[in-house]
Amino acid sequence: MSPSGGDNDGGAASLTEDNDSALLIADTLRAIATPPTAWNVDPLFVEPAACARRVAAALKYAFVPPADDKPMPPRPAEMDEWLMMTVNGTLAGLTYGALSQYLDEKQADAYLSRQNVSRGVAIAARDMAEANSRKLVRLYSRAISGGLSIGGFCAVFFGLEYALAIARGRCNDPVNTTLGGALTCAGMSSYLGVLGGGAFARGGAALAGAATGAVVGWPVGHIRNVSHEWMASQQMAVRAVEEASHEERPASRLMASLEAQVKDADEMVAYMQAEKARQEKSWRRYLSWTWWTSSSSSA
């Protein structure tokens with residue numbers, strides 16, 4: 001392939017990737033701009049009893065063990081996703097807490113290093129050891145606090161989101177993210193609003209938190225759905241290519257058999273020619289030896 005052809009192929013691949021990214025962004029913006037009338041919220045208002053039964057069945061699997069004579073029912077997929085998201089949020093909180101405390105301790109060490117340590121080497125070493133121990137305790141405490149805070153938020157948010165998905169009949173759309181974010185932020189804001197006043201402050205904080213959670217959850221839910229659909233389509237495309245590459249068609253199988261037979265025939269011909277040349281060489285060597293021995297005996 002010529003260099004110009006390689007450049008053209010690279011440019012075409014880059015253009016294809018840019019088009020895919022542009023289509024993904026366009027689909028995301030179009031989904032975000034979808035009017036609220038297109039939401040599928042009917043099950044929450046039309047079938048409240050059925051929604052409650054579905055949630056009760058999921059909670060029964062989580063908290064009520066089955067009888068000895070009955071098989072274990074299948075675990076809901078939402079429960080696995082909730083556990084994975086909660087664990088990821090907890091790990092992210094641990095990392096954030098530890099990193100923030102490390103940066104704070106680094107600034108404090110820079111300040112303490114400029115102080116005078118003229119009380120002696122032994123006292124300075126003891127103080128440094130005690131400071132390192134307290135520093136490690138503060139690091140662990142900050143990491144655990146961050147993990148509990150962010151992990152608790154993720155547990156409540158994703159628990160509400162997946163509970164809404166179960167209640168709405170496995171309906172995964174931005175409504176679950178919007179309502180889950182609104183309820184979670186309303187509860188947290190109401191709890192924090194207690195510190196700033198009475199019931200009025202609590203109600204105002206809950207309303208502000210619900211509005212914030214809904215405004216943030218609406219585009220986030222659409223972006224998640226569009227990204228999941230795009231990833232699923234990419235996986236299907238890769239799987240189709242792999243299946244097509246491994247598929248054996250009759251024509252290709254026949255051509256492979258013929259090529260193998262021709263290759264075997266060529267190898268057989270080459271072997272016969274080499275064997276014939278070897279036999280001729282051995283025969284000439286035998287005749288030469290016979291003539292030499294006969295000449296020696298006659299002399």
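All residue numbers in this chain count up from 1 along the given sequence.
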K.L.:
Do Ser149 side-chain atoms and Gly146 backbone N/O form a donor-acceptor pair below 3.5 Å?
P.N.:
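Looks like no, no N/O pair under 3.5 Å.
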K.L.:
Verify the cluster assignment for Ile150 and Phe153: are they in a single hydrophobic cluster under the rule of side-chain heavy atoms below 4.5 Å apart?
P.N.:
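No, no single cluster joins them.
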K.L.:
I need the minimum non-hydrogen distance between Ala205 and Ser189, along with the two atoms involved.
P.N.:
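Here Ala205 and Ser189 meet closest at O-CB, 2.9 Å.
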K.L.:
Roughly how far apart are Arg142 CZ and Tyr96 OH, rounded to 0.5 Å?
P.N.:
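So the gap between those two atoms works out to 6.5 Å.
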K.L.:
State, to 0.1 Å, how close Cys154 and Gly89 come at their nearest heavy-atom pair, and which atoms those are.
P.N.:
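Smallest heavy-atom distance, with atoms named: SG-CA, 3.7 Å.
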K.L.:
Hey, what do you get for CD1 (Ile144) to CG (Leu139), rounding to the nearest 0.5 Å?
P.N.:
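Result: 10.0 Å between the selected atoms.
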K.L.:
Could you pull out the closest heavy-atom pair between Gly213 and Cys185, with the gap in Å?
P.N.:
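Closest approach of Gly213 to Cys185: CA-SG, 3.7 Å.
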K.L.:
Of all the heavy-atom pairs spanning Pro174 and Asn225, show the shortest one and how long it is.
P.N.:
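Answer, listing the atom of Pro174 first, then Asn225: CD-ND2, 3.2 Å.
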K.L.:
Is Glu161 salt-bridged to Arg224, going by a charged N under 4.0 Å from an acidic O?
P.N.:
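Answer for the salt bridge query: yes.
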K.L.:
What do the steps show when you test Met272 against Lys276 for side chain to side chain contact (heavy atoms under 4.5 Å, CB included), and what is the final call?
P.N.:
CA-CA 6 Å; Met272 293 297 294; Lys276 183 178 180 180; over 6 Å; no
K.L.:
Looking at Trp218 and Thr178, what are the two nearest heavy atoms and their distance?
P.N.:
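So the two residues come closest at CA-OG1, 3.3 Å.
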K.L.:
Do Val156 and Phe158 belong together in a cluster built from hydrophobic side chains that touch within less than 4.5 Å?
P.N.:
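No, separate clusters.
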K.L.:
Quick one: CG on Leu103 to CG on Leu99, what's the gap to the nearest 0.5 Å?
P.N.:
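So the gap between those two atoms works out to 4.5 Å.
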K.L.:
Say you draw a straight line from CG of Asp80 to OH of Tyr162; how long is it, rounded to the nearest 0.5 Å?
P.N.:
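Answer rounded to 0.5 Å: 10.0 Å.
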K.L.:
According to a hydrophobic-cluster definition based on side-chain heavy atoms being under 4.5 Å apart (Ile, Leu, Val, Met, Phe, Trp, Tyr only), do Leu91 and Met84 belong together?
P.N.:
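Leu91 clusters together with Met84.
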K.L.:
Might you point out which heavy atoms bring Thr184 and Phe157 nearest each other, and give the distance in Å?
P.N.:
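For Thr184 versus Phe157, the nearest heavy atoms are OG1-CA, 3.3 Å.
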K.L.:
I need the Lys135 NZ to Lys106 NZ distance, nearest 0.5 Å.
P.N.:
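That separation rounds to 11.0 Å.
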K.L.:
So does Arg138 pair up with Asp104, basic N to acidic O under 4.0 Å?
P.N.:
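The answer is no: the pair does not qualify as a salt bridge.
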K.L.:
To the closest 0.5 Å, what do you measure between CD1 (Ile166) and CE (Met79)?
P.N.:
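One gets 6.5 Å once the value is rounded to the nearest 0.5 Å.
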